[in-house]
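Data first, discussion second: the structure below is written as structure tokens.
Just so you know, these numbers use all the heavy atoms, side chains as well, and skip hydrogens, waters and symmetry mates.
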Number of protein chains: 2
Amino acid sequence: MKRTPDIISAARGQWKEIQPELDTSSMEVVGRVLRAGAVLRQRLDTILGDEGLNRAEFDLLSALRRSGEPVTPGRLNSLMVASGAATTKRVKQLAERGLLERIRDRHDRRSARVRITDHGAELIDRAFARNLEAERELLAGMNTKQREAVAGGLAELLRSLEGSPAPAPPAPSQLE
Amino acid sequence: MKRTPDIISAARGQWKEIQPELDTSSMEVVGRVLRAGAVLRQRLDTILGDEGLNRAEFDLLSALRRSGEPVTPGRLNSLMVASGAATTKRVKQLAERGLLERIRDRHDRRSARVRITDHGAELIDRAFARNLEAERELLAGMNTKQREAVAGGLAELLRSLEGSPAPAPPAPSQLE
DNA sequence: CACCATTACTTCACTAGTAAAACACTTGTG
DNA sequence: CACAAGTGTTTTACTAGTGAAGTAATGGTG
């Protein structure tokens, strides 16, 4: 079954002419992930904008919301695949908007824990639902079987790259 | 066959507790693409740095190199999934480094075409090979079958999102 | 041809991200 | 216990990206 080529197939063909001996097979996965990610981000970021959030803010509030309890900046870094400096900035700005707050960690004074506010939870709940809807629309060109196939493969890839997700550290019994 | 969950499965489980009626199935694809992309980028960008290029520069030189002929800024935008302002900046900086040059387009004076220099081609050839090697290492945790499966699914996704790639516009017979 | 709509690109003002440095705290070792 | 090594986070200086505005050119229409 011959398929219309996607842009990565086309690119591989071009590289073959330039450097015929080069093994470009990794592009089949990596090139496609990076490109699909860029396209999806470009399209979904505008939807988030309508909800008053950018990608960074959305990711932070999502991570906090689904964690269900306060999270350390270090853990946020890895949940969001961001640098410490980026996380610090994001937390500061959303704290100023009253969407989250910092709570001192009595058990480790190098750190504070970040907790979403009620206002923040309301905002992310709405934005998240809206985002899911937009995602579904973007995936509408694929049938269920195709979506499940790529989802399974991507899960393999993530496990291969990251291993299994670390459980959240135990919440201290008292935080003030 | 029950698999160790990846972070997106875990996240979906968390959302199910917060909003049980929400259909989060799109996260299986979109969430994973975005996350895998972020992880891959984080890891590969350091490799590119060793070759003296950042992601933006790498993408631009790659696009030019594999095109084999001068490209308009507008086409570079879509090849790289970047805004016009970003492309302008990238072109300016790499031109200053002598890695590419701008050629006037006699057929449309709103535009110039961007051509990679010999120096630029040497640099990207080495960087590209190094990048492929790093990609292969990152994919080493997956077997061939798994890689082919996810590659196929991702190709479907890209075609669904972007359609088939536009061919390069004909090269004018004379450019000066 | 004159004029208007559209297109292609650049400029501008601002924001988000990063590595490295700085600082404070925690843990390990003798 | 004292000190060194390690860890967690923030600060800093800088860079890359963006939307909107600006500018020039092209194409369409009467």
Taking 4.0 Å as the cut-off, does a side-chain nitrogen or oxygen of A:Asn54 come that near to OP1 or OP2 on C:dA16? yes
Scan A:Ala86 against the nucleic acid and name what it touches under 4.0 Å (heavy atoms): base, sugar-phosphate only, or nothing. base
With no hydrogens and no angle check, is any side-chain donor or acceptor of A:Arg12 less than 3.5 Å from a backbone partner on A:Thr24? yes
Which nucleotide wins on minimum distance to the side chain of A:Ser83, given the candidates D:dG17, C:dT18, D:dG8? C:dT18
Measure CG/A:Asp50 against C1'/D:dG19 and give the value in whole Å, please. 14 Å
What's B:Arg55 touching, base or sugar-phosphate or nothing? Going by heavy atoms closer than 4.0 Å. nothing
How long is the line joining CG of A:Leu94 and P of C:dT15, in whole Å? 14 Å
Round to the nearest Å and state the distance from B:Phe58 atom CZ to D:dG17 atom C1'. 19 Å
As a check on the pairing definition, encode DNA chain D in dot-bracket form, counting Watson-Crick and G-U wobble pairs whose two distances are under 3.5 Å, and using | for partners outside this strand. ||||||||||||||||||||||||||||||
Can you measure from CG (A:Leu53) to CZ (A:Arg130) and round to the nearest 0.5 angstrom? 13.0 Å
A:Ile47 CD1 to A:Glu137 CD distance, which is reported to the nearest 0.5 Å: 7.0 Å
I'd like to know if the side chain of B:Thr46 and the backbone of B:Arg43 have a donor-acceptor N/O pair within less than 3.5 Å. yes
Mark yes or no for whether A:Gln146, through its side chain, and A:Asn143, through its backbone, hold a donor-acceptor pair below 3.5 Å. yes
Please check this pair: side chain of B:Ser160 against backbone of B:Glu156, looking for a donor-acceptor N/O pair closer than 3.5 Å. no
Closest of D:dG8, D:dA25, D:dA16 to the A:Asp108 side chain is D:dG8
Starting the side chain at C-beta, find the nucleotide from D:dA16, C:dT26, D:dG17 nearest to B:Gln93. D:dA16
Set of salt bridge (charged side-chain N to carboxylate O under 4.0 Å, His left out) partners for B:Glu162, sequence neighbours left out: A:Arg35
Is the side chain of A:Arg147 donor-acceptor paired with the backbone N or O of B:Glu28 at a distance under 3.5 Å, no angle test? no
Separation of atom CG in B:Asp59 from atom P in D:dG17, rounded to whole Å: 9 Å
What integer distance in Å separates A:Leu53:CG from C:dA16:C1'? 15 Å
Closest to side chain of A:Arg109, choosing from D:dG17, C:dG17, C:dT26: C:dT26
Examine distances only and state if a side-chain atom of A:Thr117 and a backbone atom of A:Leu99 form a donor-acceptor pair shorter than 3.5 Å. yes
Under 3.5 Å, which protein N or O atoms sit close to an N or O of nucleotides 9-14 of chain D? Give each pair with its distance.
unit_1 : atom_1 : unit_2   : atom_2 : d
D:dT9  : OP1    : A:Pro73  : N      : 3.4
D:dT9  : OP1    : A:Ser111 : OG     : 2.4
D:dT9  : OP2    : A:Gly74  : N      : 2.6
D:dT10 : OP2    : A:Thr88  : OG1    : 2.7

Judged by atom type as modelled, is there a donor-acceptor pair below 3.5 Å linking the side chain of A:Thr72 to the main-chain atoms of A:Arg113? no
Could you state the atom-to-atom distance from CG of B:Asp45 to P of C:dA19 in whole Å? 9 Å
Would you kindly give the CZ-to-C1' distance between A:Arg41 and D:dG17, to the nearest whole Å? 11 Å
Could you state the CG-C1' distance from A:Leu60 to C:dG17, rounded to the nearest angstrom? 15 Å
